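The structure displayed is predicted, hence computed values, not measured ones.
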Amino acid sequence: MIESWRWYGPSDPITLRDIRQAGVSGIVTALHEVRCGELWTEDAVAERAKIVADAGMKWVVAESIAVHEDIKTRSGDWRHYIDVYKQSLRNLARGGVKTVCYNFMPVLDWTRSDLAFPMNDGSSVLKYDSARVAAFDMFILKRAGAEADYSDDVKKRAREIFDKLGEGERKALSDAILLGLPGTVDDLTPEQFLQMIRRYEGIDADKLRQNLYDFLNEIMPVCEEVGIRMAIHPDDPPKPIFGLPRIMSTEADMKRLIENVPSPNSGFTLCTGSLGGLYANAPHLLMEKFADRVYFAHFRNTKFDSDCESFREADSHLCGHTDMPYAMQCLINEEARRRANGDSDWQIPLRPDHGKLMDIDNTKGCYAGYSYGGRVIGLAELRGLAMGLQSFRPLVGKVAVVTGAAGVLCSVMVRNLLKAGAKVALIGRTLSKLEALQKKLASEGLTQTLAIAADVLDKDALAAARKRVEEVWGKLDILVNGAGGNDPRGTTPLEQCSPDSPCAQSFFGMDMAGFEYVNRLNMIGTILPSQIFGELLTKTRGCIVNISSMAAFQPLTKVGAYGAAKAAVDNFTKWLSAHLAPLGVRVNAISPGFFITEQNRFLMLEKDGKTPTARGGKVLAKTSMHRFGEPEDLCSALQFLVSPASAFVTGIIIPVDGGFSSFSGV
């Protein structure tokens, strides 16, 4: 990400020197002295870009070339203002700024009822209190029909609040709600605000939405010509207020925009704070869903009052309504995708949005919400989160399929994938076992699972499973071929054959049906899922991890069929890795050593579950770490192979065997 900061130009009490010392590399600013609707000249853009460059940073986002009310209402001189907007975009692009954050909110760019809501630590934050807003609307603004927009409870609380406010407090409430920010709209009086609201009579959400689409489709040829990406900011708050419509507040709104303005030069500013002002929204999931159209991000968090309507800025940028680690990981994943696709602008500018006002800010005269100390803390939190996630939580937003999911080893791998943030489809033959695992995982808070019954030797069942995964999650990133195992019919009771060995206990008496079954289960049970699910992986440049065995490296006595089958899995892994490499699909394998499972427990341990059998003793003697593996020992290798950390790794088999393959026993 490009660590960025909103700067209100030379008049901002927070200087570029202050900002540079916070570790920022990207500046988000605008020609705030140019009034809405006026031209951004090429010289003015170049001058502002030079000021930023001379301070050691780069102007990365214009926030914003404000959209004139005539364009929003498609009235008055709207055609003139669109022509001016197009030329401003051309001039901005010539100055090297290729991302524009804008909004299409009627009249006000944002609304808060409290600009300095007190916190327990002595700092203050911004707050939106639904009852205080209603008190302003009904009793100060006296907007016609306002009462119909509020519930009886809100109206009652609004009346109580208003009656307790003195004249000065009422004015402070008005000033907070009608506050303008530099370069957007001037501070308004209630009378001026009422007059501007009247411009929107007869313009409902559908009409305003169409005006937005028409505006964007008119400017898209210019954006495509000069390489500008338009990133619309969500409504703040994301719900209708003062009788004015809202059109960029929900997932449905974002989806409609893409459908009606298909140009890839039209996208979003993913503001978790604004989207987080609607309790029903999950901004982190919106970051995931629309990642390929996110060109700019504002990260902060919100906390709601018990009414689930009123909200304030959270104490920390990381804690609150939005799962910020999830959102950040989605951003990191999207950057990795863009970089892999050769996008030269793969980094996404991200700025800490709004910070609490602290004692160290009191003498600076900061704009409301744009303190220095609070935002420095926010930037540090986001920076640390990104660095931590890149190391420890790489799978947020990823979708995985694990075959043999209910098994001893695979169930632990499933848990590990879920904890790393992935969604996991559990595939196995017995639905009841999968559902039992699913229930156990859910009790641990790991709920992003699907349980799908399918035999890895049944092509039609696997195809149905793939269809279900597509229907629910829309994609696949990871396939773990964990289904496999041995069968007594494919083994020989004797370790070696002697001249007087009974035929039934040696290779000569081995049940070929059993030998064939073990090979089909392990080999075909790896090939078929790779074939069925692999097509989805080509769309996401995903990966396959096969589960092999030490028996493939060094033939083990008794388990001839199993060793042969796993050797075939190793060979197939290498072959498929080369075959799919041009499609960006990586194929690797993990080769476990000796882990205690239900299938081999009686071979490795006595009935007390602790004492090694004679065979178990031989295994431990040849394992340089002198212990059996724990299922969790496989998880680090798995995470490496399915994460961006192994982006240049394919066609390998990683032994996780405690040294079994490298130790002679002597």
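Checked against E313 for a side-chain hydrogen bond (donor to acceptor under 3.5 Å, both in side chains), the options R300, K356, K127 give a single hit: R300. Here the options are D129, D175, D236, the test is salt bridge (Lys or Arg N to Asp or Glu O under 4.0 Å), and the partner is R112; only D236 passes.
Within the 4.5 Å cutoff, the side chain of L257 has no heavy atoms near those of the F290 side chain. A 4.5 Å side-chain heavy-atom check between D235 and K239 finds every atom pair outside the cut-off. Taking 4.5 Å as the limit, every side-chain heavy atom of V60 sits out of range of all side-chain heavy atoms of Q347. Here the side chains of L331 and L270 are not in contact, with every heavy-atom distance at 4.5 Å or above. E218 has its side chain out of reach of F215: every pair of non-hydrogen atoms, C-beta onward, lies at least 4.5 Å apart. With contacts defined as side-chain heavy-atom distances shorter than 4.5 Å, the pair D307/S130 qualifies. The side-chain heavy atoms of L382 and E3, taken from C-beta on, include no pair separated by under 4.5 Å.
D77 pairs by the salt bridge (charged side-chain N to carboxylate O under 4.0 Å, His left out) definition with nothing, not counting sequence neighbours. Remark: R199 pairs with D70 by the salt bridge (charged side-chain N to carboxylate O under 4.0 Å, His left out) rule, at least two apart or across chains.
Atom NZ of K475 has more than 12 heavy atoms from other residues, nucleotides or ligands within 6.0 Å. Within 6.0 Å of the CD atom in E47, the count of heavy atoms belonging to other residues, nucleotides or ligands does not exceed 12. Heavy-atom neighbours of K364 NZ from other residues, nucleotides or ligands within 6.0 Å: above the threshold of 12.
Aromatic ring orientation, F242 versus F193: perpendicular (interplanar angle above 60°, classes split at 30° and 60°). Ring orientation note: the planes of F304 and H321 are nearly perpendicular, at an angle over 60° on the 30°/60° scale.
Rounded to the nearest 0.5 Å, atoms CG (N281) and CG (L286) are 5.5 Å apart. Note: F117 CZ to R132 CZ = 9.5 Å, rounded to the nearest 0.5 Å. In this structure, CD in Q195 is found 9.0 Å from OG1 in T189, a value given to the nearest 0.5 Å. From M287, atom CE reaches atom CG of D323 across 13.0 Å, with rounding to the nearest 0.5 Å. From T269, atom OG1 reaches atom OH of Y102 across 8.5 Å, with rounding to the nearest 0.5 Å. E63 CD to F296 CZ: the interatomic distance, rounded to the nearest 0.5 Å, is 5.0 Å.
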I would like to know whether R209 and R256 meet side-chain contact (heavy atoms from CB on, under 4.5 Å); could you show each step before the answer? CA-CA 9 Å; R209 197 175 282 119; R256 275 193 290 257; 3.4 Å; yes
Starting from the C-alpha separation in whole Å, work towards a yes-or-no answer on side-chain contact (heavy atoms from CB on, under 4.5 Å) for M254 and M248. CA-CA 7 Å; M254 298 171 77; M248 192 51 54; 3.9 Å; yes
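T29 and G9 make their closest contact through OG1-N, 3.9 Å (heavy atoms, listed as atom of the first residue, atom of the second, distance).
For F299 and H317, the gap between ring centers reaches or exceeds 6.0 Å. Between W5 and Y370, the distance separating the two ring centers is not shorter than 6.0 angstrom.
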